[in-house]
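The block underneath contains the structure these notes are about, expressed in structure tokens.
The chain is numbered in sequence order, starting from 1.
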Amino acid sequence: MATTRNVDVVIIGGGPAGSVCGYQLKQAGVECLIVDRATFPRDKICGGGLTPKAWRLLDRLMPGVSYDYRPVWNLRLQFDKDPVCEFDAEYELRMTNRKDFDYSLLKHYMQHGGEVLQDAFDRYEVQADGRLTVNLKSGTRISCRYLVAADGAHSRVRKQMFGDYAHNVFFIEQYTEESEPKNIISHFSSKYFPGCFYKFPGIGRDVWGFNGPVTDREHFQRLMADFGVPQGRIVGGYIPMKTVQSTHEHIIFIGDAGGFPNRITGEGLYDAFQTAFNAKRAIVEQRPFSETNRQVFVKMHAQDRLFRFANTALCRLLFRMVLRHPRWAKWLFDTKMKREYWMR
């Protein structure tokens with residue numbers, strides 16, 4: 001016979017969004033349970049970069065959390081075969097290994113009383129009294145007031161509510177031994193703009209990656225050869241690029257499960273943290289997530305418009321012009337990072 005238990009909140013997914021949400025709920029005195037089918041630490045396809053606004057927000061939401069990172073300031077940008085645009089940023093970018101970074105956040109949640117159950121989500125049911133029943137693959141049934149979907153790009157909770165998700169962008173990566181110098185490299189081209197070929201200097205390895213209109217193994221291997229990078233095992237993953245609005249007030253989608261990565265860069269950690277905090281507010285304050293997360297939804301709609309502009313010839317021309325003047329590029333980058341650094 002299936003076992004049943006009761007908690008206030010079930011969070012599906014123990015990645016950054018799920019861990020931050022769980023930690024925030026525990027601090028607010030809300031009983032919650034994170035369910036994840038993986039054994040941590042587990043690998044995650046991701047460059048692992050934390051922008052200043054991301055690590056500043058994480059410091060506020062998870063005070064005292066400790067994780068390994070490599071601070072990086074130097075950026076080398078290039079468009080096709082134009083001269084390289086190189087500069088040192090004013091604020092550090094933190095490069096992490098996502099396998100260890102995610103585990104650090106989950107451990108922080110557990111060290112503050114959080115519970116994790118290794119199991120896989122099967123489906124949810126809405127009961128007559130308004131509560132939700134979460135059914136797990138093991139046969140365990142959990143009754144809860146709220147279900148938070150933090151189960152990533154291939155969210156099974158999202159699939160049950162909305163069916164197949166068609167708004168994905170494919171990222172492809174390869175890892176090599178760490179090398180000098182420790183800098184970020186981004187190469188852009190009229191052939192795949194606004195996508196790019198990039199290198200992030202991670203911990204113990206370099207991460208080479210690519211995304212563009214056509215992202216496949218053959219295209220990626222040609223780019224690796226052009227840059228003289230030794231080829232190895234190639235991995236790939238989808239990044240969701242369209243937000244979803246839950247049809248049930250007590251089912252909340254955060255992080256990649258909700259389609260919150262940046263439309264241009266694919267960076268998702270900042271909005272994983274922000275949507276996790278906004279989910280906690282919705283639960284504690286008993287308000288709709290559409291209200292507590294309103295600014296993020298508005299921002300995502302703005303990014304959708306920006307992405308459409310990024311695919312125009314005018315945007316390519318302006319971007320290429322900026323990269324021909326390193327002082328302009330540095331000023332624009334630092335100005336953006338400075339504004340985000342002081343965001344509240």
Is the shortest distance from a Lys or Arg side-chain nitrogen in R42 or D102 to a carboxylate oxygen in the other one below 4.0 Å?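 Yes, R42 and D102 are salt-bridged.
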I'd like to know if R205 pairs up with E173 as an ion pair, taking the criterion as any Lys NZ or Arg NE/NH1/NH2 lying under 4.0 Å from an Asp or Glu carboxylate oxygen.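 So R205 does not pair with E173 through a salt bridge.
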Which class fits the ring pair [X] and [Y]: parallel under 30°, tilted 30 to 60°, perpendicular over 60°?
| X | Y | answer |
| --- | --- | --- |
| F188 | F79 | parallel |
| Y67 | Y69 | tilted |
| Y23 | H112 | perpendicular |
| F210 | Y192 | perpendicular |

Distance in Å, [X] [atom1] paired with [Y] [atom2], rounded so as to fall on 0.5 Å steps:
| X | Y | atom1 | atom2 | answer |
| --- | --- | --- | --- | --- |
| M337 | K53 | CE | NZ | 7.0 Å |
| T96 | L269 | OG1 | CG | 7.0 Å |
| W331 | T335 | CH2 | OG1 | 4.5 Å |

Between the main-chain N or O of R263 and the side-chain N or O of Q303, is there a donor-acceptor pair closer than 3.5 Å?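 Here the side-chain-to-backbone pair exists.
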I'd like to know if the side chain of W55 and the backbone of E92 have a donor-acceptor N/O pair within less than 3.5 Å.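 Here the side-chain-to-backbone pair exists.
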May I ask you to check if K159 and F162 form a cation-pi contact, with NZ or CZ under 6.0 angstrom from the six-membered ring centre and within 45° of the axis?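 So K159 doesn't make the cation-pi contact.
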When you measure from the centre of the six-membered ring of F121, is the NZ or CZ of R156 closer than 6.0 Å and no more than 45° off the axis?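 No, a cation-pi geometry is absent between R156 and F121.
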Centroid separation under 6.0 Å, is that true for the rings of F297 and F260?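 Yes, they do, as the ring centres are separated by less than 6.0 Å.
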W73 atom CH2, neighbour heavy-atom count above 12 within 6.0 Å: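 Check passes, neighbour count above 12.
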When you look at CD of Q286, are more than 12 heavy atoms from neighbouring residues, nucleotides or ligands closer to it than 6.0 Å?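 At most 12 heavy atoms, drawn from other residues, nucleotides or ligands, come within 6.0 Å of this atom.
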Qualifying residues under side-chain hydrogen bond (donor to acceptor under 3.5 Å, both in side chains), relative to D226, sequence neighbours excluded: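 D226: no side-chain hydrogen bond (donor to acceptor under 3.5 Å, both in side chains) contacts found.
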Before giving the answer on ring-ring contact (aromatic ring centres under 6.0 Å, His included), spell out for Y198 and F200 the whole-Å C-alpha distance, their side-chain angles and the decisive distance to 0.1 Å. CA-CA 7 Å; Y198 58 86; F200 288 161; 5.1 Å; yes
